[in-house]
Amino acid sequence: MAAETLARHLARRILMDGPLSVAAFMAEALGHPRFGYYMRRDPFGVSGDFTTAPEISQMFGELVGLWCVDSWARLGGPAPFHLVELGPGRGTLMQDALRAASVVPAFRQAVQVHLVETSPTLRERQRQTLSQTPGGAVQWHDRLEDVPEGPTLLIANEFFDALPVRQVQKTGHGWFERLVDLDPAGTEEEPRFRFVLEAFGSSGARLVPDRLREAPEGSVVEVSPASQAVARTIGARLAAHPGAAVAIDYGHAVGPAVGDTLQALRRHAYAPVLESPGEADLTAHVDFATIAAAAREGGAEAFGPVEQGEWLVRLGIRQRAQILEKSASPAQAADIRGALARLIEPAQMGTLFKVLALTSPGLGPPAGFETP
Ligand SMILES: C[S@@+](CC[C@H](N)C(=O)[O-])C[C@H]1O[C@@H](n2cnc3c(N)ncnc32)[C@H](O)[C@@H]1O
């Protein structure tokens, strides 16, 4: 018998249960306990598949750390409090944030770090990264719900874009959910997959937001019930305990939009999304307005989203770059300027990436979210 692969596992699932929703395919491709993309590898950096903001420059995590210190002070400096990161990757952001936050010793003494991470490989990597960082034991959790109750600051960078989306498509006969089925061109040994539409349009039609119902034929709409559930949980936590959260991701600000944004990245290049499940990163644009609405339903207030470049500039990234440049060699100074440009320039990450803040009711806008 041929060795098990994710593709063969998915093929058997489809034979047994019928075509999978795009969300089920994405959840398996990223999170299958044995074959899921994140479960067995460290995908970051030049030798991996993609690079994230904290991996580009220490300045990113440092400013997020100072944002946390400022938010903590606005909460009245609760001690102890939980600093939670969803999907911490290599742990780089948390390492840089804690180092920057050590300018306020009371923050460092009060902080209890919680990492919500499903991948054993990345948990190990985070353990290594944070082993030298002063500031108490780190606790890991599978789900945000498992983090103990109490005052909370929460960070999520490029977390929501990895949560599964469902897709629906408008046809001449109405809205139908897009599903992933076996492609007859594949074999038992080497299964292939293709998109099909559900047969009778029962569940798909329900997913379409009212204002998009009249979209033209062929339109695709994405919804992420998984993201909405996490946002509602954050909202409920912030309603029950003092706190603030910041979610940074790439996506659209104006609410559910028409468009198929599901993409696969492998070795820094786009790949066909259904081609090699478990071997490529799969992401979709984050719908910030819907996440904000879900968090409000949970009881929190929402601010933004603000474009990443604008937010980092408001927090002082240009000044931080100048300080770092002062003690840098010419080559290092060029790297710092290059990293600054990547993080804030509109043609790079500056406008595509956006930042949403969620807070306990009545706190007012956190740093970087004040309307000018
Ligand atoms: C694109 S990476 C971002 C990593 C990091 N925040 C950064 O900016 O470098 C996504 C992270 O979320 C984790 N992840 C994905 N789905 C998850 C889930 N459902 N629950 C918890 N962590 C998840 C991945 O293992 C990974 O650490």
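From a predicted model like this one, the values you see are computed outputs, not experimental measurements. Atoms within a ligand are numbered from 1 in the order they appear, just like the ligands themselves. All residue numbers refer to positions in the sequence shown, counting from 1.
Given atom 10 (C) of ligand 1, the protein heavy atom at minimum distance is Glu158 O, 3.4 Å. Tyr38 OH, 3.5 Å is the protein heavy atom nearest to atom 2 (S) of ligand 1. Among all non-hydrogen protein atoms, the one lying nearest atom 19 (N) of ligand 1 is Leu163 CD2, 3.8 Å. Closest protein heavy atom to atom 8 (O) of ligand 1: Asn157 ND2, 2.7 Å. Of all protein heavy atoms, the one closest to atom 20 (N) of ligand 1 is Thr118 CG2, 3.6 Å. For atom 7 (C) of ligand 1, the closest non-hydrogen atom on the protein side is Thr52 OG1, 3.3 Å. The closest protein non-hydrogen atom to atom 25 (O) of ligand 1 is Glu117 OE2, 2.6 Å.
Interface atoms of ligand 1 facing Gly89, defined by a heavy-atom separation under 4.0 Å, are 4 (C), 5 (C), 27 (O). In summary, the atoms of ligand 1 found under 4.0 Å from a heavy atom of Val116, numbered by their order in the structure, are 21 (C), 22 (N). Near Pro54, the atoms of ligand 1 lying under 4.0 angstrom from a non-hydrogen atom of the residue are 7 (C), 8 (O), 9 (O).
At a 4.0 Å cut-off, not a single heavy atom of Leu93 sits close enough to ligand 1 to count as contact. Heavy atoms of Gly31 come nearer than 4.0 angstrom to ligand 1 in no pair at all.
Of the inter-residue distances, the one linking Ser119 atom OG with Gln126 atom CD reads 7.5 Å to the nearest 0.5 angstrom.
Crowding of Gln128 atom CD: a count of heavy atoms from other residues, nucleotides or ligands under 6.0 Å exceeding 12. When the shell of 6.0 Å around CZ of Arg213 is examined, it contains more than 12 heavy atoms from other residues, nucleotides or ligands. Shown here is Arg192, whose CZ atom has no more than 12 heavy atoms of other residues, nucleotides or ligands within 6.0 Å.
Salt bridge status for Glu275 with Arg266: absent, with no side-chain N to carboxylate O gap under 4.0 Å. Between Glu279 and Arg41, at least one side-chain nitrogen of the basic residue sits less than 4.0 Å from a carboxylate oxygen of the acidic one, meeting the salt-bridge criterion. Salt bridge annotation for Arg123-Glu117: absent, with no cationic side-chain nitrogen under 4.0 angstrom from a carboxylate oxygen.
Paired with Gln308 under the rule side chain to side chain contact (heavy atoms under 4.5 Å, CB included), one option of Leu352, Leu343, Ile344 passes, and it is Leu343.
At a 3.5 angstrom cut-off on N or O pairs, Leu122 does not count as close to ligand 1.
Closest to atom 6 (N) of ligand 1 by heavy atom, among Gly87, Pro43, Gly36, Ala226, is Gly87.
Taking the six-membered ring where tryptophan is involved, the planes of Phe353 and Tyr250 are tilted, since the angle between them lies from 30° to 60°.
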